[in-house]
Amino acid sequence: MTDYAQLVAYLGIGVILGFAALVVPWLVSPRYRGRETEQTYECGVDTIGSAWIRFSISFYVFALIFVAFEVDVLYLFPVALVFDEPAFGWRAFVEVFIFLTILSMAILHAWRKGVFRWER
Amino acid sequence: MPKTLAEMLGSPMLAVATGLGGVMGLLSFNALFCIYLERKISAWIQRRMGPMEVGFHGMLQTVADMVKLLGKQLITPKGIDKPLYHLAPLVVFAPVVAGTSLMAFSGSFALHHIDLGLVLVFTFGGFAVLGIFMAGWGSNNKYALLGAMRSVAQNISYEIPLLLSALSVVMLTTSMGRTVTVGDETVAVQGLNLFHITMVQMDRNVWFIVLQPVAAILFFIAVLAETNRAPFDIPEAESELVAGFHTEYSGMRFALFFFGEYSNMLIGCMVATTLFFGGWSGPLLPGPVWFFLKSYALMAVMMWVRWTYPRLRFDQLMRFCWMVMIPLSIVNLLVTAFFLKVF
């Protein structure tokens, strides 16, 4: 078994252990069922309607900027690993600089559009 | 090089079993101890006594709470999204076990040897966001949904400064030492390997917090936000959202979320220790002792922060991330890159 297979084993057994932790209360806990036991909690009054309603579009905008950023940051990890390779010299720095500048444009754009002021 | 458990025990199966026992023991102890510590620290800051009744100075209080949670009914509300609701606690819980197994506890042994340690730790950390959102959406509860939405927005935003500040350490590690000498063997440094990051710091006799103070502070703030700790605990702001995403979870299901949360705090602190505080290095005491001393010192700081600062408003929180943290971390990365080329 390679090291990665071991890691997958940890993950898999983690799921099983989490499930096992739920078996104990299933065995020993009381099973009371009243009229209100299964209602979703809403500070004591009867539940009104579903929770799956519309919410602020701003969350969506943040998610979009995040996707753009996160993928680009992941690209930088391999770059960081070879950054000091003598063959690249100053070219490496210039390229990282250009990359990050273009990346920063995303923030500047969102900034000007008022995303961070939470406008809708 | 640290030996892996599989090499020491001779069998990978045995290694996974032993390692899993160790990891679960550590995480369980961590959860029980941290809840106790949290209550004591909050009490001391507010000039109270905290738990005093069960055991010496209330030390068994969390054990009693745990037994109570085990016996509580698992209430499943109606109108939920069943698969999402039932899977969410497991999605928060399982990655924590795998993430802990990647840590560089000591120079002499490793649970397994993986060169991409740092990236994988962040990957497993990312699962928590998924679990929280599954819980919030699956519960069909308004508080839970609001809490989950905020939590996702916050977690993904603070993920960026977290990665960028870690990235400057990776850059520094690969550039400072192409190779390090441990004992009589020479190791080629791989910047994403948590063990190598520690070894370079030991080899050069410097903690990276000295060379990367800005990155260290950004990283610590981002960890606070990633683990939903005050002053960034908006997802479960109890005065407005009841309990946030886990409002509809009772008994052991709630305990799994809590377990995951405290374990994630520990993982965050352990990664910060490795990246900025020299990992297991230290005089006299053995490596793992130093490692956990440093990690728990950071943990105590997290609790101290929680009980000192008021909660931010949500738009302030997001603005702080996008207008202060991310630009600062980008500038920090560029300055690091510049100086690495100068020297």
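These figures come from a predicted structure and were not determined experimentally. Chain naming here is simple, since letters A, B, ... match the order of the sequence lines and numbering starts at 1 in each.
Between the CG atom in L340(B) and the CG atom in L172(B) there is a gap of 5.5 Å [rounded to 0.5 Å]. Here OG of S104(A) is found 10.0 Å from CD1 of I326(B). Values are rounded to the nearest 0.5 Å. Here L22(A) contributes atom CG and L27(A) contributes atom CG; the two are 11.0 Å apart, rounded to the nearest 0.5 Å. To the nearest 0.5 angstrom, F195(B) atom CZ is 9.0 Å from L102(B) atom CG.
Only the side chain of F124(B) comes within contact range of chain A, with heavy atoms under 4.5 Å apart. When heavy atoms are compared at a cutoff of 4.5 Å, F93(B) approaches chain A solely by way of its side chain, counted from C-beta outward. Only the side chain of I107(A) comes within contact range of chain B, judged by heavy atoms closer than 4.5 Å. Using a 4.5 Å cut-off between heavy atoms, T247(B) contacts chain A through its side chain alone, with no backbone atom that close. Only the side chain of L145(B) comes within less than 4.5 Å of a heavy atom in chain A; its backbone stays farther off. For a residue to count as touching a neighbouring chain, one of its non-hydrogen atoms must lie under 4.5 Å from one of that chain's; by this rule S168(B) does not touch chain A. Heavy atoms closer than 4.5 Å to chain A are found in the side chain of L333(B), but not in its backbone. Proximity to chain A involves both the backbone and the side chain of L163(B), based on heavy atoms less than 4.5 angstrom apart. With a 4.5 Å cut-off on non-hydrogen atoms, L90(B) touches chain A through its side chain but not through its backbone. Proximity to chain A involves both the backbone and the side chain of K142(B), based on heavy atoms less than 4.5 angstrom apart. The contact between L120(B) and chain A is made entirely by side chain atoms (from C-beta outward), counting heavy-atom distances below 4.5 Å. L74(B) touches chain A through backbone and side chain together, each having a heavy atom under 4.5 Å away. In this structure, chain A has a heavy atom under 4.5 Å from the side chain of E248(B), while its backbone stays farther away.
Looking only at heavy-atom pairs under 4.5 Å with chain A, the residue among L69(B), L87(B), I80(B), L111(B) that has the most is L111(B). Of all the listed residues (N141(B), V170(B), I156(B), V97(B)), the one sharing the greatest number of non-hydrogen pairs under 4.5 Å with chain A is I156(B). Put simply, of L192(B), L164(B), L118(B), the one with the most heavy-atom pairs under 4.5 Å next to chain A is L192(B). For the set V96(A), V28(A), V15(A), the entry with the most heavy-atom pairs within less than 4.5 Å of chain B is V15(A). Between chain B and the residues L100(A), V24(A), I65(A), V67(A), the most heavy-atom pairs under 4.5 angstrom are made by L100(A). The candidate from V119(B), L167(B), L70(B) with the greatest count of non-hydrogen atom pairs under 4.5 Å with chain A is L167(B). The candidate with the highest count of non-hydrogen atom pairs below 4.5 Å against chain A, out of L334(B), V92(B), V152(B), is L334(B).
No more than 12 heavy atoms of other residues, nucleotides or ligands lie within 6.0 Å of CZ in F97(A), so this atom counts as exposed by the packing criterion. Surrounding CZ of F19(A) are at most 12 heavy atoms belonging to other residues, nucleotides or ligands under 6.0 Å away.
Between Y85(B) and Y249(B), the two ring planes are parallel [angle under 30°; tilted spans 30° to 60°]. Ring geometry, H113(B) versus H196(B): the interplanar angle falls from 30° to 60°, so the pair is classed tilted.
Here the two rings, on F338(B) and W90(A), have centers that are under 6.0 Å apart. A centroid separation of 6.0 Å or more is found between the aromatic rings of H112(B) and Y4(A).
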Requested in this report: Starting from the C-alpha separation in whole Å, work towards a yes-or-no answer on side chain to side chain contact (heavy atoms under 4.5 Å, CB included) for W322(B) and I160(B).
Outcome: CA-CA 9 Å; W322(B) 287 94; I160(B) 299 168; 3.8 Å; yes

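Under the ring pair (Phe, Tyr, Trp, His ring centres under 6.0 Å) test applied with F245(B), the options Y143(B), F257(B), W137(B), F133(B) reduce to a single match, F257(B).
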